[in-house]
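Structure first, commentary second.
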Amino acid sequence: MKKQQRLVMRTVILLVLLAAVGYTIYANFFTEKQAVAVGTTAPDFVLTDLKGREHRLSDYRGKGVFLNFWGTWCKPCEREMPYMNELYPLYQKQGVEILAVNVGEPKLSVEKFAERFGLTFPIVIDRQDQVLNAYNVGPLPTTFLIDKNGEVKKIITGTMTKADIQRHLESIKP
Amino acid sequence: MKQVKCECGHVNPHGTAFCESCGKPLEERAGKTLLDMRYEGSARRSQTYKRTFIDQIWAFFSSVKVGVALIVITLIASAIGTIFPQQMYIPPNVDPAKYYKQQYGWAGKLYYELGFNNLYGSWWYILLIALIGVSLVICSLDRVVPLYRALKRQGVKRHPHFLERQRLFGVSHVSDLDKTMAVLKERLAARRYHVREEDGHLLAEKGRFSRWGPYVNHIGLIIFLIGVMLRSVPGMYIDRVMWIPEGETKEIPGTNGRYFLKSEKFIFETYEKGKDNEVFNAAIDRVGNGMIAKNYQTNVVLYKRVGPVIPGAKPKLEKVKEYPIRVNEPLEFDHYALYQVDFRLNEPKAMSFQLADKQSGKTFGTVTVDLYDPKELYNLGHGYRVELLSYFPDFEFDEDGDPSTKSRVPNNPAFVFKMYAPDRPKGEVSFVAIQQTIEPFGNNKYKMAFVGLETRNVSGLTVRRDFTLWILGVGGAIFMIGLIQGMYWNHRRIWVQRVNGELWIAAHTNKNWFGLKNELRRLLDGTGVNMPADQLEEGKQAGQGGQAHGHGTA
């Protein structure tokens, strides 16, 4: 009888300890450090593009959004830009928007860059790093694939080939 | 369950070394060796029941050897982590894989490959700390319960074998046993002993609570570890860095867009001769005038965002307060604290140029370019105007030899200007960088002459919110209380018994035998009772081995 009690007691204490250790390890290594995780709703934001038009993410509900964070000095960003530009008209017709968020550079630099590559998709500038903070973007380029319900489907860091981009655009068609 | 019944009638759990009540040794060993008084001879449960899987795990963690091994491994690992700098202390813009190899050769490469560059945050390091915590809990539980039981149940009257096998033991013949006992009882009580009497035998005890010291200490340590664990719970602990230039308003990271900060001014002051108190003169002479930092300060305005938080939208801000942040004087609000930790002086903010005729030196107006948000067109009047074609904040030539920028920070600004004048209606192009001008399309009539640089200071602040601090404080305080309790008090016991018309005295303490002996000497002075002999010392002097008992401190 007493032995039984002791076994229960030991089991309970060990389970509590295991839970504490397990949680610590889990919280430190298996939860996404990013504020925005795959499967969650992408945080809403409002930013102004080069033509002065406001873009609010939640206005794109019902469409897929290819959200690309970039900088003019970033060579990998520069490499994927022409591919995005090429595929944009085709997929815009099919309900997928490309939105490029520049990480707070001078408007002049961004305009000259857009002119140089003849970019047609909307480019917004995050002057105060607010959106950068909300999405906790580290290295550039980082791309968030957002589906028609506003849910983050995939987070891609690093440069993409044309085939990659096409595949990703395809995956968020409404 | 096997239990052992002592001849005094007390039933002891299996594995007990000597009877809980009368102290008669239950496991008779050859010779008259001293009793091992650790844990009062109680049966540590982990050592007696190892039947199920749970019991085996329990037994593993309850072993002090395992605990010590865990601590030693953690110590060695922690030491290795200090050989080369941790990754957070190497320059942020370098590839750690290359950095360690370049700086420290093959050892650095190995260090990086084995993951020591991020040691204190690695899963196995955290697991080691957690296992130490588990070991602490189980070790303590496994010892404190039987110890408490044994001390609570100890009888006054002890078996003669128990007495004669104590380290301090003596036999005396006194003329009047009753009178001597009465005197001793009185003297013991006067020395703040708690005296119990049974059938004319005495047990005097004091400082028993010191035995709980180590366990109180462990409880403090466990609370401390719980506090550390809670740091990984989202929202409990925030530690972020924020760089803010003078004149700018920025979102405070870690506040989810709810707070904004404006920096009015960064102030850096040094000790100067003549201005400061004369007592500093000697030090100023030694180090140099204006070389000793006196104050780092950022004057800020704190704003709270009103209305819903939508990142990117121009926030509606409500002023909360103005505050000068100085070292150790953080701005505190809503459980957050902003600390002054770093600064950069004289960061380029704007550059001014004059449009000038190269030959005559005549100027036609000044152009000021904001390095963070330059305008494209600058009209100087009278048909003179300048167009900024390209801007490179952190200029370099890229792999293809084209001008480009390394980052968005204006560390090394460069510009491509197109200058229009009445006599140059099509414009002339000039590439202007620091200390360098290139005219890509031949000789120009005009140039952009550098006239000035506007700079500003940037403050580095730490954003901190810590809901675990009070837990760490409570844990630390309990830790100290336990330490003091165990270190500054001793648990002393003195047994005085009548055995066959003789007076037997035995004494035990968990530490400080010297003190106990002094106390006994004073106690017995003039009573005609012999001072008990230290059997351990005698044994050593007689050159007899085998008595090296660990008179532990638990």
Side-chain angles (χ1 to χ4, degrees), chain A residues 1-3 6-11 13-18 20-31 35 43-48 54-58 71-75 78 101-109 111-112 116 124-136, chain B residues 1 45-46 49 51-52 54-55 57-58 61 121-123 126-127 129-131 133-134 137-138 141 225-226 228-230 232-234 248-251 253-254 256-257 260 308-315 370-376 388-394 398-399 404-408:
Chain A
M1 190 57 213
K2 244 182 113 190
K3 217 170 73 186
R6 175 150 49 227
L7 185 67
V8 170
M9 201 62 191
R10 285 183 178 182
T11 312
I13 292 170
L14 280 175
L15 281 178
V16 169
L17 291 173
L18 185 76
V21 173
Y23 177 78
T24 310
I25 300 281
Y26 170 80
N28 273 295
F29 299 101
F30 296 99
T31 48
D44 198 11
F45 63 83
V46 181
L47 288 173
T48 310
E54 275 199 350
H55 293 261
R56 183 166 181 162
L57 184 68
S58 52
T72 61
W73 72 87
C74 146
K75 292 287 169 195
E78 191 177 312
V101 182
N102 176 274
V103 294
E105 286 183 278
K107 198 177 171 198
L108 182 87
S109 313
E111 275 172 349
K112 296 289 174 190
R116 183 148 69 98
V124 294
I125 303 177
D126 183 24
R127 283 236 61 138
Q128 284 186 306
D129 293 350
Q130 286 190 50
V131 181
L132 212 64
N133 279 342
Y135 279 77
N136 208 355
Chain B
M1 196 188 307
R45 291 159 176 201
S46 61
Y49 303 100
R51 291 194 192 136
T52 66
I54 293 287
D55 292 333
I57 295 178
W58 190 272
F61 281 112
S122 65
W123 65 269
I126 288 179
L127 188 66
I129 302 281
L131 289 181
V134 172
V137 172
I138 295 183
L141 277 176
L225 283 175
I226 289 172
V228 173
M229 191 190 87
L230 284 177
S232 48
V233 175
E248 280 204 23
T249 304
K250 284 187 132 188
E251 180 188 318
N256 299 319
F260 283 73
V309 177
I310 305 164
K314 199 170 160 35
D370 183 332
L371 299 175
Y372 285 88
D373 195 10
K375 279 198 307 176
E376 191 173 4
L388 180 55
L389 292 182
S390 288
Y391 167 51
F392 309 99
D394 200 355
D398 67 9
E399 291 144 6
S404 66
T405 184
K406 263 189 287 194
S407 73
R408 56 169 162 160

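Chain identifiers are assigned alphabetically (A, B, ...) following the order of the sequence lines, protein sequences preceding nucleic acid strands; residue numbering begins at 1 within each chain.
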Exercise. Of the backbone (N, CA, C, O) and the side chain (C-beta and beyond), which part of B:V233 lies under 4.5 Å from a heavy atom of chain A, both, or neither?
Worked result: both

Problem set entry | Point-to-point distance, once rounded to the nearest 0.5 Å, from CZ of B:F392 to NZ of A:K112 | 10.5 Å

For this session: Could you walk me through whether A:K107 and B:K375 pass side-chain contact (heavy atoms from CB on, under 4.5 Å), step by step?
Result: CA-CA 9 Å; A:K107 198 177 171 198; B:K375 279 198 307 176; over 6 Å; no

Problem set entry | Worked verdict on A:L14 versus B:W58 for side-chain contact (heavy atoms from CB on, under 4.5 Å) | CA-CA 8 Å; A:L14 280 175; B:W58 190 272; 4.1 Å; yes

Exercise. If every non-hydrogen atom of A:Q128 is compared with every non-hydrogen atom of B:F260, which pair is closest and at what distance?
Worked result: OE1-CE2, 4.3 Å

Exercise. Which region of B:D398, side chain (C-beta onward) or backbone (N, CA, C, O), has a non-hydrogen atom less than 4.5 Å from a non-hydrogen atom of chain A, or is it both or neither?
Worked result: side chain

Exercise. Would you say A:E105's side chain and B:D373's backbone share a donor-acceptor pair under 3.5 angstrom?
Worked result: no

Problem set entry | Greater than 12 external heavy atoms within 6.0 Å of A:K75's NZ | yes

Exercise. Out of curiosity, B:L127 CG to A:I25 CD1, how far, rounded to the nearest 0.5 Å?
Worked result: 5.0 Å

Problem set entry | Considering all heavy atoms, the nearest B:I54-A:R10 contact | CG2-CB, 3.8 Å

Problem set entry | Listed partners of B:K250 passing salt bridge (charged side-chain N to carboxylate O under 4.0 Å, His left out), at least two apart | none

Exercise. Stepwise, does the side-chain contact (heavy atoms from CB on, under 4.5 Å) test hold for A:N133 with B:E251?
Worked result: CA-CA 9 Å; A:N133 279 342; B:E251 180 188 318; 3.6 Å; yes

For this session: Measure the spacing between CD1 of B:I310 and CZ of A:F45 and express it to the nearest 0.5 Å.
Result: 11.5 Å

Problem set entry | B:L388 versus chain A, the contacting section by heavy-atom distance below 4.5 Å | both

Problem set entry | Full working for salt bridge (Lys or Arg N to Asp or Glu O under 4.0 Å) between B:E248 and A:R127 | CA-CA 11 Å; B:E248 280 204 23; A:R127 283 236 61 138; over 6 Å; no

Exercise. What's the shortest heavy-atom distance between B:L371 and A:P106, and which atoms?
Worked result: O-CG, 4.4 Å

Exercise. Under the 3.5 angstrom rule, does the side chain of A:Q130 hit a backbone N or O of B:P311 as a donor-acceptor pair?
Worked result: no

For this session: Please flag which part of B:L141 lies under 4.5 Å from any non-hydrogen atom of chain A: side chain, backbone, both or neither.
Result: side chain

Exercise. Chain B: which of A:V21, A:L57, A:L108 shares the most heavy-atom pairs with it under 4.5 Å?
Worked result: A:L108

Problem set entry | Portion of B:S404 that has a non-hydrogen atom of chain A nearer than 4.5 angstrom | side chain

Problem set entry | B:R408 (side chain) donor-acceptor with A:V103 (main chain) under 3.5 angstrom | yes

Problem set entry | A:T24 OG1 to B:I126 CD1 distance, which is reported to the nearest 0.5 Å | 8.0 Å

Problem set entry | Under 4.5 Å from any heavy atom of chain B - which part of A:T11 | both

Problem set entry | Region of A:L132 in contact with chain B, defined by heavy-atom distances below 4.5 Å | side chain

Exercise. Rounded to the nearest 0.5 Å, how far does CD1 of B:I57 lie from CG of A:L17?
Worked result: 11.0 Å

